[in-house]
Enquirer: 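Just passing along the structure, written as structure tokens.
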Amino acid sequence: MMECKKIIAGFGIRNGKAVRLDDRAVYYEKGLLELTRFYGDSGADELFLLDLSESEEDHEKTIGMMKEIARLSDIPVIAGGRVKRLEDVKKYLYAGAKASFLDAGLDENVDLMKESSDRFGDDKVYAYLPDCSYLESAKEYSQLGASVMILGDLKMTEEKLLKVSEYKETFLLAGSAGELLPAVLKTENVNGFIGVFDGEEGCMDLKYNLKSGGIGVDTFESPVSFSQFKLNDHGLIPVITQDYRTGQVLMLAYMNEEAFQKTLKTGCMTYYSRSRDALWLKGETSGHYQYVKSLAIDCDSDTLLAKVNQIGAACHTGEKTCFYTDLVKKEYQETNPLKVFEDVFQVILDRKENPKEGSYTNYLFDKGIDKILKKLGEEAVEIIIAAKNPNSEEVKYEISDFLYHMMVLMVQKGVTWEDITRELANR
């Protein structure tokens, strides 16, 4: 199977704002988090974040923004740009980056490569080469533990690309490739391209053009052709659309073949409007786009299930879901683990933001971190004692107590369940 080449969207961060990589004096109109969502939803395979902070204070602010970006992003993040000591590498990785890059143009960064690789693993350390003059040292950087070379030459030429191809190391090329991009990605030891992608279409159109040219990139392709779907009498197939994070059912709509193919090509849910007798790009008027995360078909091949990132409300009434009117409802106890954890977490968060007199949770927050840690330690000991008992009921009780106090600590430290699950998923 052909390995997919990566299309990586990059931007710099300075003073809490997004900066263009190809002109670092120009700021994006979109905010950092808006830009993150846009690239993640519109086809980029990874994000490249360049820390352009000039002061220690701005550096710490940038690390905080990178943490928010990594938490929000559905695609891996590569981060670096202001490494002066091992602690800086750790900060990027702990902020959620899959790897940190060290600028080979700085002697102290070269000295840090081996130490960083030994501490965090060579897959976590990349070497950033400011221009082609550093290529002759690529083998040295690799031996020091950098697993990938990022060549940051702003203007790629055929001569430079030929020179890159002569090396055995793995490269990501960053900058402006233009018409040379297909040749860049066809180069065997180049695994991807880091670029600036403008326009509302993001990276999807580019990736489809590359694929039509025989380059292996990650696009939406269905193993089942539309001709194999069982359609209704009007040549349509119903689509149930869910929020990919929560599983909440958002709406029901229909697709014809043209809508299905456009959805695959653009990554945005496109339906067939029966009332208008025309294609319907969801969000084209309201801005409430639905970005595809997955499409599945049921056992009878007559219904599609779409899991999407919903921007804004799914319903034209302004409601999050079209299914907001209960007809009958029986009270039941919610036992979905993720929902229970999130619901309890939100109650604890609300207690911190809106204190309630007599609340034990507020008592813990008022006493501070030392009290919270003391209770957490006591509950951990209670689990160990209970585990010696043959009856597992006591263990369940003590683990529940521990998890509650752990969530109090999470709220106190600004850690969410999404942070935890993302960290576990990355291991």
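Note that this is a predicted model, so its numbers are computed, not measured.
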Enquirer: Between T416 and D419, is there a side-chain donor-acceptor contact under 3.5 Å, judged purely by atom types and distance?
Expert: yes
Enquirer: To the closest 0.5 Å, what do you measure between CD1 (I194) and CD1 (I78)?
Expert: 5.5 Å
Enquirer: Could you tell me whether a side-chain N or O of Q242 sits under 3.5 Å from a main-chain N or O of G247, the two making a donor and an acceptor?
Expert: yes
Enquirer: Taking atom CG of L279 and atom CE of M255, what is their separation to the nearest 0.5 Å?
Expert: 10.0 Å
Enquirer: To the nearest 0.5 Å, how far apart are CD in Q261 and CG in L264?
Expert: 5.5 Å
Enquirer: Check this for me: does any side-chain nitrogen of one of D343 and K339 sit under 4.0 Å from a carboxylate oxygen of the other?
Expert: yes
Enquirer: Just wondering, are more than 12 heavy atoms of other shown residues or ligands nearer than 6.0 Å to CD in E258?
Expert: no
Enquirer: Is L281 close to C268 at the side-chain level, that is, under 4.5 Å between some pair of heavy atoms?
Expert: yes
Enquirer: Taking atom CD of E57 as the centre, report whether more than 12 heavy atoms of other residues, nucleotides or ligands fall under 6.0 Å from it.
Expert: no
Enquirer: Look at the aromatic rings of F171 and Y167 and report parallel, tilted or perpendicular, splitting at 30° and 60°.
Expert: perpendicular
Enquirer: Surrounding NZ of K307 (heavy atoms of other residues, nucleotides or ligands, distance under 6.0 Å), is the total greater than 12?
Expert: no
Enquirer: Taking A79's backbone N and O only, do any of them form a donor-acceptor pair with S100's side chain (distance below 3.5 Å, no angle check)?
Expert: yes
Enquirer: Do E418 and R71 meet the salt-bridge criterion of a basic N to acidic O distance under 4.0 Å?
Expert: yes
Enquirer: State, yes or no, whether a side-chain contact exists between D153 and K160 at a heavy-atom distance under 4.5 Å.
Expert: yes
Enquirer: To check you understand the geometry: which heavy-atom pair defines the closest contact between C4 and V217, and what is its length?
Expert: SG-C, 3.8 Å
Enquirer: What are the two closest heavy atoms between M113 and A146, and how far apart are they?
Expert: SD-CB, 4.4 Å
Enquirer: Enter the distance from L72:CG to D74:CG here, rounded to the nearest 0.5 Å.
Expert: 7.5 Å
Enquirer: Look at E221 together with K211 and state whether they make a salt bridge at an N to O cut-off of under 4.0 Å.
Expert: yes
Enquirer: Roughly how far apart are Q290 CD and M269 CE, rounded to 0.5 Å?
Expert: 6.0 Å
Enquirer: Angle between ring planes, W417 versus F341, binned at 30° and 60°: parallel, tilted or perpendicular?
Expert: parallel
Enquirer: So, do Y291 and Y244 have ring centers that fall under 6.0 Å from each other?
Expert: no
Enquirer: Applying ring pair (Phe, Tyr, Trp, His ring centres under 6.0 Å), which residue pairs with at least one partner in residues 96-120 are found, sequence neighbours left out?
Expert: F48-F101, F101-Y128
Enquirer: Got more than 12 heavy atoms from elsewhere within 6.0 Å of OH, Y397?
Expert: no
Enquirer: Taking atom NZ of K374 as the centre, report whether more than 12 heavy atoms of other residues, nucleotides or ligands fall under 6.0 Å from it.
Expert: no
Enquirer: Taking all non-hydrogen atoms of both residues into account, name the closest pair between S142 and E169 and its distance.
Expert: CB-CG, 3.9 Å
Enquirer: Knowing that exactly one of K17, R20, R14 qualifies, which makes a side-chain hydrogen bond (donor to acceptor under 3.5 Å, both in side chains) with Y27?
Expert: R14
Enquirer: Between K163 and E166, is the closest basic N to carboxylate O distance under 4.0 Å?
Expert: no
Enquirer: In chain order, what residues pass the salt bridge (charged side-chain N to carboxylate O under 4.0 Å, His left out) check against K67, with sequence neighbours excluded?
Expert: none
Enquirer: Indicate the atoms forming the closest heavy-atom contact of L250 with K320, along with that distance.
Expert: CD2-O, 3.6 Å
Enquirer: Mind listing the closest non-hydrogen atom pair of E54 and D58 along with its distance?
Expert: N-OD2, 4.0 Å
Enquirer: Do the charged groups of E87 and K90 touch, with an N to O distance under 4.0 Å?
Expert: yes
Enquirer: Quick check against the 3.5 Å criterion: does T187 have a side-chain atom that pairs as donor or acceptor with the backbone of A183?
Expert: yes
Enquirer: Please determine if K375 and E378 form a salt bridge, counting it only when a charged side-chain N lies under 4.0 Å from a carboxylate O.
Expert: yes
Enquirer: Ignoring hydrogens and angles, tell me if any N or O in the side chain of D350 forms a donor-acceptor pair with the backbone of Q346 under 3.5 Å.
Expert: no
Enquirer: Give, for atom OG1 of T263 and atom CZ of F220, the distance between the pair rounded to the nearest 0.5 Å.
Expert: 10.0 Å
Enquirer: Go through the steps to decide whether Y208 and T266 satisfy the test side chain to side chain donor-acceptor pair (under 3.5 Å), and finish with yes or no.
Expert: CA-CA 9 Å; Y208 267 91; T266 64; over 6 Å; no
Enquirer: My understanding is that only one of K5, K207, K6, K98 makes a salt bridge (Lys or Arg N to Asp or Glu O under 4.0 Å) with D45; could you say which?
Expert: K207
Enquirer: For D122 and S147, indicate whether the former's side chain and the latter's backbone hold a donor-acceptor pair under 3.5 Å.
Expert: no
Enquirer: Would a 4.5 Å heavy-atom cut-off, applied to side chains only, mark T317 and Y324 as touching?
Expert: yes
Enquirer: In terms of the angle between their ring planes, are F260 and F226 parallel, tilted or perpendicular, with boundaries placed at 30° and 60°?
Expert: tilted
Enquirer: Flag the pair R82 and E56 as a salt bridge only when some basic side-chain nitrogen lies within less than 4.0 angstrom of an acidic carboxylate oxygen.
Expert: yes
Enquirer: Considering all heavy atoms of both residues, which atom of T157 and which atom of L180 are nearest to each other, and what is their separation?
Expert: C-CD2, 3.4 Å
